[in-house]
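What you see is a predicted model, and the numbers here were worked out from it, not measured in a lab. Here is how names work: the chains are called A, B, and so on, in the same order as the sequence lines, proteins then strands, and each is numbered from 1.
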Protein chains: 2
Amino acid sequence: MSRRGETFQAQVLAVLSSRDGPLSAYDLLGELRESNPKIAPPTIYRALAALRERGRVHRLESLNAFIACQCENHQHASILSICDDCGAVEESVAPDLLEKLATVIGKSGFAPLRHVIEVHGVCAECGAGQAPA
Amino acid sequence: MSRRGETFQAQVLAVLSSRDGPLSAYDLLGELRESNPKIAPPTIYRALAALRERGRVHRLESLNAFIACQCENHQHASILSICDDCGAVEESVAPDLLEKLATVIGKSGFAPLRHVIEVHGVCAECGAGQAPA
DNA sequence: TTGCAAGATGTTATGTTATAACATAATGGA
DNA sequence: TCCATTATGTTATAACATAACATCTTGCAA
């Protein structure tokens, strides 16, 4: 086993961390080709898969895009709020909400393993700038 | 304005309703081409968009697939439980959970408009059939 | 009744996202 | 050293989705 990939993963994470909005895999590909023109899609996807396994990156399923984990502890299900106006994404953690969710869907005997919770809407900043009507 | 499209939308909904698992847009395309070989992707996507607007169909963002709404009242945010073993999807409604969710993400002033709540796991039937270890 | 405006639908092409399949290279241990 | 194992590179293609424009329907008004 080796750690060859970690440098590249670190680059991917660095690019994602420098934004407050999500990037698609092909956005990342474009960025990273500036320093290494030869990389291909599988390289990006493999790095993203590794980073996701370690909880450092989240995939926004409803946008087909990726974002760096904003939390200290990277092992948790997260709630992602996506501003449809400015594109900013904020991460929340709410263990009690997950418990409630488990209760709701557990009624029929379902055992949850992975949560996708994404809420689209308007962030405070964009909402404040809007006329109320 | 016309209702020409409604027949086709009804066909799409009929196919989706006949399954207890999701179908991709191209699965649907394949099915529906049996009765009408000339339809193209935009036709499917337009029908799905109309059905989604009326709450008759849900998109599974984490699977890029679609499923008929299983509820009586089609105007509500739904919680989708997806069995990764057999593919079955079950729909739950929990207004109080949405309220709690609104509270959690509303702390920073975020105003929710659309919810994506998908839980992957193992359904009762598949879980029961498994060896415990 | 004809002609037209508006919107729905059909059609072609292409854009975007993701992975299969296989070749090559690096690493560490026997 | 040599091999087994796993990571990485490379090519090609699969899967998902929509842009752009042509065509057809419909209802209405002159």
Side-chain angles (χ1 to χ4, degrees), chain A residues 1-13 15-16 19 21-54 56-67 82 84 87 89 114 116 118 120, chain B residues 1-13 15-16 19 21-54 56-67 82 84 87 89 114 116 118 120:
Chain A
M1 205 163 335
S2 95
R3 289 184 183 83
R4 277 176 290 163
E6 294 188 359
T7 308
F8 185 67
Q9 289 171 31
Q11 286 178 258
V12 171
L13 187 57
V15 172
L16 282 175
R19 314 297 179 97
L23 290 174
S24 77
Y26 281 75
D27 291 339
L28 280 165
L29 190 58
E31 296 273 345
L32 291 160
R33 272 183 171 156
E34 288 176 10
S35 57
N36 179 352
K38 302 180 69 176
I39 57 182
T43 305
I44 298 286
Y45 282 102
R46 287 197 274 236
L48 287 169
L51 288 164
R52 288 175 70 196
E53 273 188 17
R54 293 194 276 123
R56 308 300 303 260
V57 163
H58 301 299
R59 176 187 163 82
L60 290 142
E61 302 287 350
S62 58
L63 295 177
N64 295 336
F66 301 86
I67 194 160
I82 302 158
D84 292 332
V89 175
R114 184 169 76 92
V116 176
E118 299 175 11
H120 287 256
Chain B
M1 205 160 338
S2 95
R3 290 186 183 82
R4 278 177 289 162
E6 292 187 1
T7 307
F8 184 66
Q9 289 170 30
Q11 286 179 257
V12 170
L13 187 57
V15 173
L16 282 174
R19 314 297 179 99
L23 289 174
S24 76
Y26 279 73
D27 290 338
L28 281 165
L29 190 58
E31 295 273 344
L32 292 160
R33 272 183 171 157
E34 289 177 11
S35 57
N36 180 352
K38 302 181 69 174
I39 57 183
T43 305
I44 299 286
Y45 282 102
R46 287 196 274 236
L48 287 170
L51 288 164
R52 289 174 69 195
E53 274 188 16
R54 293 193 276 123
R56 307 301 303 261
V57 163
H58 301 299
R59 177 186 162 82
L60 290 141
E61 302 287 350
S62 59
L63 294 178
N64 295 337
F66 302 85
I67 194 160
I82 303 158
D84 292 332
V89 175
R114 182 169 75 93
V116 175
E118 298 175 10
H120 288 256

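Rounded to an integer number of Å, the gap from CG of B/L29 to P of D/dA14 is 16 Å. If you take CZ of A/R46 and C1' of C/dT24, they are 12 Å apart, rounded to a whole angstrom. When the P atom of C/dT17 is taken as reference, atom CG of A/L28 falls 11 Å away, rounded to whole Å. Across the protein-nucleic acid pair, B/R33 atom CZ and C/dT11 atom P stand 11 Å apart, rounded to whole Å. Remark: P of D/dA15 and CG of B/L23 are 15 Å apart, rounded to the nearest angstrom. As a whole-Å value, the separation of B/Q9 CD from C/dA8 P is 11 Å. When the C1' atom of D/dA15 is taken as reference, atom CD of B/E61 falls 16 Å away, rounded to whole Å. Rounded to an integer number of Å, the gap from B/I39 CD1 to C/dT11 P is 11 Å.
Taking side-chain N and O atoms only, B/K38 has no distance below 4.0 Å to OP1 or OP2 of C/dG10.
In this structure the side chain of A/L63 reaches within 4.5 angstrom of the side chain of A/H120, judged on heavy atoms. A heavy-atom distance below 4.5 Å is not found between the side chains of B/V15 and B/D27. Residues B/F8 and B/N36 have side chains not in contact (no heavy-atom distance under 4.5 Å, counting atoms from C-beta outward).
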Pairs under 3.5 Å (N/O, protein and nucleotides 16-19 of chain D):
from   : atom 1 : to    : atom 2 : distance (Å)
D/dA17 : OP1    : B/R59 : NH1    : 2.5
D/dA17 : OP1    : B/R59 : NH2    : 2.5
D/dA17 : OP2    : B/Y45 : OH     : 2.9
D/dA17 : O5'    : B/Y45 : OH     : 3.4
D/dA17 : N7     : B/Y26 : OH     : 2.7
D/dA17 : N6     : B/Y26 : OH     : 3.4

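A search for salt bridge (charged side-chain N to carboxylate O under 4.0 Å, His left out) contacts involving A/R54 returns nothing, not counting sequence neighbours.
When the options B/N64, B/L48, B/I67 are evaluated for a side-chain contact (heavy atoms from CB on, under 4.5 Å) with B/R59, the one that passes is B/N64.
B/L28 contributes atom CG, which lies 11.0 Å from atom CD of B/Q11 (distance to the nearest 0.5 angstrom).
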